[in-house]
Amino acid sequence: QVQLVESGGDSVQAGGSLRLSCAASGFTFFNRFNCMGWFRQAPGKEREGVASSSISTSPTYADHVKGRFTITKDNAKNTVYLKMNRLQPEDTAVYYCAAALGTYTCDFGTSYNYWGQGTHVTVSS
């Protein structure tokens, strides 16, 4: 059974850093047709893509997080991470990881098959 479990969300002050983790089970990342993505949804706003990555493509980042956020993978642990630096209050949201299995693309338009429950990130000024 495919499962995604996020962790690492916390309350931090502006300028701080967090690393979110997404532990996957039921499939492996070491497949060029598998894609992992991070999304977020702030209160009262639409869900938006944050970052996406596969083993065969360069990562994709939203403009507002480019240069501050980094997506990485540990294939041995079947875990994807989102390192967030210089956090701003605008980054406050519920962050979700998602997996697209058997996909030919890996970006925010990719059809993601599975979603985690989300982890809360609150950034105060």
Task: Enclosure of Q41 CD (heavy-atom neighbours >12, cutoff 6.0 Å) - done: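 Yes, the 6.0 Å shell around CD holds more than 12 heavy atoms from other groups.
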- [ ] Check whether more than 12 heavy atoms from other residues, nucleotides or ligands sit under 6.0 Å from atom CD of Q13, and answer yes or no.
- [x] no
Result block: side-chain N/O donor-acceptor pairs under 3.5 angstrom for residues 65-77, not counting sequence neighbours:
from : atom 1 : to  : atom 2 : distance (Å)
R68  : NH1    : R86 : O      : 3.0
R68  : NH1    : D91 : OD2    : 2.8
R68  : NH2    : H64 : O      : 2.9
R68  : NH2    : D91 : OD1    : 3.1
R68  : NH2    : D91 : OD2    : 3.4
K73  : NZ     : S53 : OG     : 3.0
K73  : NZ     : S54 : O      : 3.4
D74  : OD1    : A76 : N      : 3.1
D74  : OD1    : K77 : N      : 3.2

Can any side-chain N or O of [X] pair as donor or acceptor with the backbone N or O of [Y] at less than 3.5 Å?
X: S52; Y: F108; result: no
X: T110; Y: D107; result: yes
X: E6; Y: C22; result: no
X: N85; Y: S17; result: no

Taking all non-hydrogen atoms of both residues, which atom of [X] and which atom of [Y] are closest, and how far apart?
X: T105; Y: C35; result: O-CB, 4.0 Å
X: L18; Y: G8; result: CD2-O, 3.9 Å
X: A62; Y: G49; result: CB-O, 3.4 Å
X: Y112; Y: G37; result: CE2-N, 3.8 Å
X: T28; Y: N34; result: O-ND2, 2.7 Å

Roughly how far apart are [X] [atom1] and [Y] [atom2], rounded to 0.5 Å?
X: M36; Y: N78; atom1: CE; atom2: CG; result: 8.0 Å
X: T119; Y: Y95; atom1: OG1; atom2: OH; result: 10.5 Å
X: S125; Y: Q88; atom1: OG; atom2: CD; result: 11.0 Å
X: F39; Y: Y96; atom1: CZ; atom2: OH; result: 12.0 Å
X: T122; Y: D10; atom1: OG1; atom2: CG; result: 8.5 Å
X: S21; Y: K83; atom1: OG; atom2: NZ; result: 11.5 Å

Find out whether [X] and [Y] are in side-chain contact, i.e. whether some heavy atom of one side chain is under 4.5 Å from a heavy atom of the other.
X: L4; Y: F27; answer: yes
X: Y114; Y: Q3; answer: no
X: R40; Y: V121; answer: no

Would you kindly confirm whether [X] and [Y] end up in one hydrophobic cluster when ILVMFWY residues are joined by side chain heavy atoms under 4.5 Å apart?
X: V12; Y: M84; value: yes
X: Y81; Y: Y61; value: no
X: V5; Y: V94; value: no

